[in-house]
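For reference, the structure is listed below as C-alpha cells.
Reckoned from all heavy atoms, side chains included, excluding hydrogens, waters and symmetry mates.
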Amino acid sequence: MRYVVSESFDQSEVNKYFEADIAPTIGKTFRTRGGKWYRVQDVACYTDAIDDLTSVRVLLKRLR
C-alpha cells in the first residue's frame, strides 16, 4: 500500500510517499521507524489504466 503525506507542518514532506504493509483504518495513528507520527485521513482503491492493477492509496496527516 502506498501511504501519501497530504498534510504536514514540514512542507517539504507534503506529497511524499512510502510503501508499507500496515492495515489502514481511518483515524488510526501510528509511528514509523524514523519516529514520525501520522494519522490516517482517507483510504482509496484505484486502478492503474496502464497496468490494470488495483492498488490502495492512504492519505496521511503528520502529527509530530
**Message:** What verdict does the side-chain contact (heavy atoms from CB on, under 4.5 Å) test give for Thr25 and Val40, after you've listed the backbone C-alpha separation in whole Å, the side-chain angles of each residue and the deciding distance to 0.1 Å?
**Reply:** CA-CA 7 Å; Thr25 303; Val40 176; over 6 Å; no

**Item:** Heavy atoms of other groups near Lys28 NZ, more than 12 under 6.0 Å
**Value:** yes

**Distance (rounded to the nearest 0.5 Å) between Phe30 CZ and Arg39 CZ** = 11.5 Å

**Prompt:** Below 4.5 Å, heavy atoms only, C-beta onward: do Pro24 and Met1 meet side chain to side chain?
**Reply:** yes

**Prompt:** With no hydrogens and no angle check, is any side-chain donor or acceptor of Ser6 less than 3.5 Å from a backbone partner on Leu60?
**Reply:** yes

**Message:** Before you tell me yes or no, could you show the steps for Glu7 and Arg62 under salt bridge (charged side-chain N to carboxylate O under 4.0 Å, His left out), namely the whole-Å CA-CA distance, both residues' side-chain angles and the distance that decides it to 0.1 Å?
**Reply:** CA-CA 6 Å; Glu7 291 182 41; Arg62 169 97 185 265; over 6 Å; no

**Message:** Just to verify, what does Lys36 make a salt bridge (charged side-chain N to carboxylate O under 4.0 Å, His left out) with, not counting sequence neighbours?
**Reply:** Glu13

**Item:** Minimum side-chain heavy-atom gap Leu63-Tyr38 below 4.5 Å
**Value:** no

**Request:** Would you check, one step at a time, whether the test side-chain contact (heavy atoms from CB on, under 4.5 Å) holds for Tyr46 with Thr54?
**Result:** CA-CA 6 Å; Tyr46 69 97; Thr54 302; over 6 Å; no

**Hydrophobic cluster of Val4, others only, ordered by chain and residue number, side-chain cut-off 4.5 Å** = Tyr17, Leu59

**Prompt:** Does one side chain, of Asp10 or Ser12, offer a donor that lies under 3.5 Å from an acceptor on the other?
**Reply:** yes

**Message:** Would you say that Thr47 contacts Leu53 through its side chain, given a criterion of any heavy-atom pair below 4.5 Å between the two side chains?
**Reply:** no

**Asked** Between Phe18 and Tyr3, how do the two ring planes meet: parallel, tilted or perpendicular, split at 30° and 60°?
**Response** parallel

**Asked** Any side-chain heavy atom of Val58 within less than 4.5 Å of one from Asp42?
**Response** no

